[in-house]
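This report refers to the structure that appears directly beneath it.
Residue numbers start from 1 in every chain, and the chains themselves are labelled A, B, ... in the order their sequence lines are given, proteins ahead of strands.
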Amino acid sequence: MEHVNPRVAYGETLVELGRENKNIVVLDADLGGSTMGKLFELAYPERHFEAGIAEANMTSMAAGLATTGKIPFVNSFAVFSAGRAFDQIRQTICIGGLNVKIVGSSAGLSDFGDGATHQSVEDIAIMRAIPNMTVICPADANETTAATKAIVEYNGPVYLRINRHDTENITPSPTTKPFTIGEPTLMREGSEIAVFATGITVALALKAAAQLEGQVSVRVINVSTIKPLDSNKITKLSEGCKAIVCAEEHSIIGGLGSAIAETMRANPKPMAFVGIEDTFGVSAHNYEELLEHFGITAEKIAEAILKVGISLAR
Amino acid sequence: MELEKKARALRKNVVMSIGVGNAGHLGGSFSAAEIVAALYFYKMKHDPKNPTKPDRDRFLLSKGHVAILQYSALAEAGYFDISELPRTKSIGSKLQGHPDARKVAGIEACTGSLGQGLSIGLGMALGLRLDGYDSKVYVLIGDGELAEGQIWEAAMAASAYKANKLVAIVDRNNVQAQGKTAERFPIDNIAEKWTAFGWRVLEIDGHNITEITNALDASDNSEQPTVIIANTVKGKGLDYAENHPAGYHNMPLTQEQFDQAMELFSTGGDV
């Protein structure tokens, strides 16, 4: 079944996978109604653990469950699952290489009303910095479904970043295209500027590329696996383009842009970043106005493309 | 008695692991030597030849800084050769400063960031219960470590889940890294705290083998998780360690101290 909401896609996929795979267990810290862990709880109550509002204990418990052969999915808002339980993730799960899936739900600015305390602008940076960790940020509901399936097949720690809101499905149906961890996807051909995007900014980058048609030839790449990121693949995907734009719903410090820059350090190209400029989020009445406030829009990506293009023409 | 000999052998192995000139956690190892000896050589269902047997009991060293005590027990039990102990903390040795489950057979999880072992043990107990095993999970916690809030999250959760196969053992040696807990950061009414969190509480002399084995056996039959508060002496077995203000917490041994200690614990001197 296809969804447009990534967290519903995630929750339903876990239920589907849990039917066959009895090792899947799910943990929530009183946010199951938001993370959609509640769907798994309804289907398999004995394999769902309500950890109470205690993320640190929940995350270490997941580590213990993994040592007994279970595949725990640890759900919370991204600020908490990546931030509050950082040490638990680092010490036991990542040093131990344990098969725990950390799910950062309502990620980025997508919890628009709750403000800085609940909006994750640095979760990719902190998860990406931990050795052994895989970091995945799907572009839409389809890719969330496909990624959820893929990470169950992969034995090791994973951070899965999930948006709260309905998204337009721009990636193929998960039944037609399985997700391959570590594989960036070319979404649109173009010859002058390469845009690397992740999460909701992939759709925005495609819009920007369409807006600029006839003016600049823009290539768009969906980097849904932010770590591991293969330097050769990124170099190849930017081949022929004279500059790079990176777009993400995350701080420009330590996120996708930084990751791309790191992989291209041996063959650098001019770069521009579209993201949140080293600041916390703020409350808003709706998601769109908040994205606009922080410049996470197709227009801003188009501007960045033109700017980096013009600076080169000079 | 056999277990007293084992505890002496563990102390000797600990001294061997520390060696001469390099700092090592002698004090916190010695306070728990009898407890760990009783677990590995009396109570736990485990097999050094098949260390990942699914129905084994688990031991977690939440106070991971005394990794050398667990290494000493594992080597004594035959998980690896005792001759590896002096290589502890050398670059390239599998015997890291804190237990690393990926490197050493018999280590169940990477611990040492204090306060997390009980939660990990709870997760293990829940996973084992899902699979229908009656294995027990023992977690050794330091008393200074009780300041970590996550322990109390785990304590609450364990009683909520009725994790009756989970046993916490508090090494109540009254000394933390910077000095006496009573002076640095008092942690009082420990039994009352655990009782309030829904645990069955047993309090013992943590150097008395009979009291330890009785308490471990008593933990087999419980509706609730069990905590054993073991009153111990940090550095137990060496006068200068017992009388040291921080109980010989992460201290080096001189050649003379090393030789004397090796001699003492080899010949079965009075401890």
Side-chain angles (χ1 to χ4, degrees), chain A residues 18 21-30 40 44-74 76 80 84-102 130-132 155-157, chain B residues 51-62 64 96-104 107-133 135 137 139 148-161 163 165-166 197:
Chain A
N21 191 335
K22 305 290 184 209
N23 283 328
I24 296 175
V25 296
V26 175
L27 299 93
D28 271 288
D30 201 30
F40 195 89
Y44 320 108
E46 71 290 351
R47 281 190 277 144
H48 180 274
F49 297 97
E50 174 56 71
I53 308 166
E55 295 78 9
N57 178 55
M58 170 167 73
T59 306
S60 299
M61 258 169 52
L65 280 158
T67 69
T68 67
K70 304 290 170 238
I71 308 172
F73 279 76
V74 184
S76 189
F80 307 128
R84 188 152 189 155
F86 170 79
D87 190 54
Q88 288 73 12
I89 295 169
R90 177 190 190 276
Q91 304 292 1
T92 307
I93 295 171
C94 287
I95 294 180
L98 293 177
N99 196 15
V100 177
K101 317 304 174 189
I102 305 292
I130 312 176
N132 283 348
N155 184 4
Chain B
T52 57
K53 204 161 177 267
D55 68 344
R56 71 192 182 279
D57 291 334
R58 269 64 166 180
F59 172 71
L60 277 165
L61 189 66
S62 194
Q96 296 288 298
H98 286 80
D100 189 329
R102 288 198 124 180
K103 292 182 160 54
V104 184
I107 301 287
E108 303 286 0
C110 301
T111 52
S113 180
L114 295 176
Q116 299 180 10
L118 192 60
S119 306
I120 301 166
L122 173 58
M124 287 179 181
L126 296 174
L128 291 164
R129 183 160 78 185
L130 274 179
D131 288 338
Y133 296 118
S135 313
V137 181
V139 184
E148 291 279 7
Q150 190 181 339
I151 291 195
W152 303 102
E153 292 184 8
M156 231 185 295
S159 65
Y161 297 136
K165 301 291 178 194
L166 182 64
F197 278 80

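With rounding to the nearest 0.5 angstrom, the CG atom of Leu130(B) is 4.5 Å from the CZ atom of Phe49(A). For the atom pair CG of Leu126(B) and CG of Leu27(A), the computed distance is 8.5 Å after rounding to the nearest 0.5 Å. Note: Gln150(B) CD to Met58(A) CE = 11.0 Å, rounded to the nearest 0.5 Å.
With a 4.5 angstrom heavy-atom cutoff, Ala101(B) does not touch chain A via any of its atoms. The parts of Leu128(B) that come within reach of chain A are both its backbone and its side chain, each placing non-hydrogen atoms under 4.5 angstrom from that chain. Using a 4.5 Å cut-off between heavy atoms, Ala54(A) touches chain B through backbone and side chain atoms alike. Ala51(A) touches chain B through backbone and side chain together, each having a heavy atom under 4.5 Å away. Interface remark: Tyr133(B) contributes no atoms to any contact with chain A (heavy atom separation under 4.5 Å).
Inter-residue side-chain proximity for Ile120(B) and Gln88(A) is flagged as unmet; no heavy-atom pair is nearer than 4.5 Å.
Taking every heavy atom of both residues into account, Asn57(A) and Ser119(B) meet most closely at OD1-OG, 2.7 Å. Closest approach of Thr68(A) to Arg58(B), counting heavy atoms only: CG2-NH2, 4.3 Å.
Not a single side chain to side chain donor-acceptor pair (under 3.5 Å) links Thr59(A) to another residue, sequence neighbours left out.
Surrounding NZ of Lys53(B) are at most 12 heavy atoms belonging to other residues, nucleotides or ligands under 6.0 Å away.
Between chain A and the options Gly115(B), Gly123(B), Ser113(B), heavy-atom pairs under 4.5 Å are most frequent for Gly123(B).
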Only distances under 3.5 Å count here; give the side-chain donor-acceptor pairs of residues 89-98 of chain A to other protein atoms, sequence neighbours excluded, each with its distance to 0.1 Å.
{"residue": "Gln91(A)", "atom": "NE2", "partner": "Asp87(A)", "partner atom": "OD1", "Å": "2.8"}
{"residue": "Thr92(A)", "atom": "OG1", "partner": "Cys110(B)", "partner atom": "O", "Å": "3.0"}

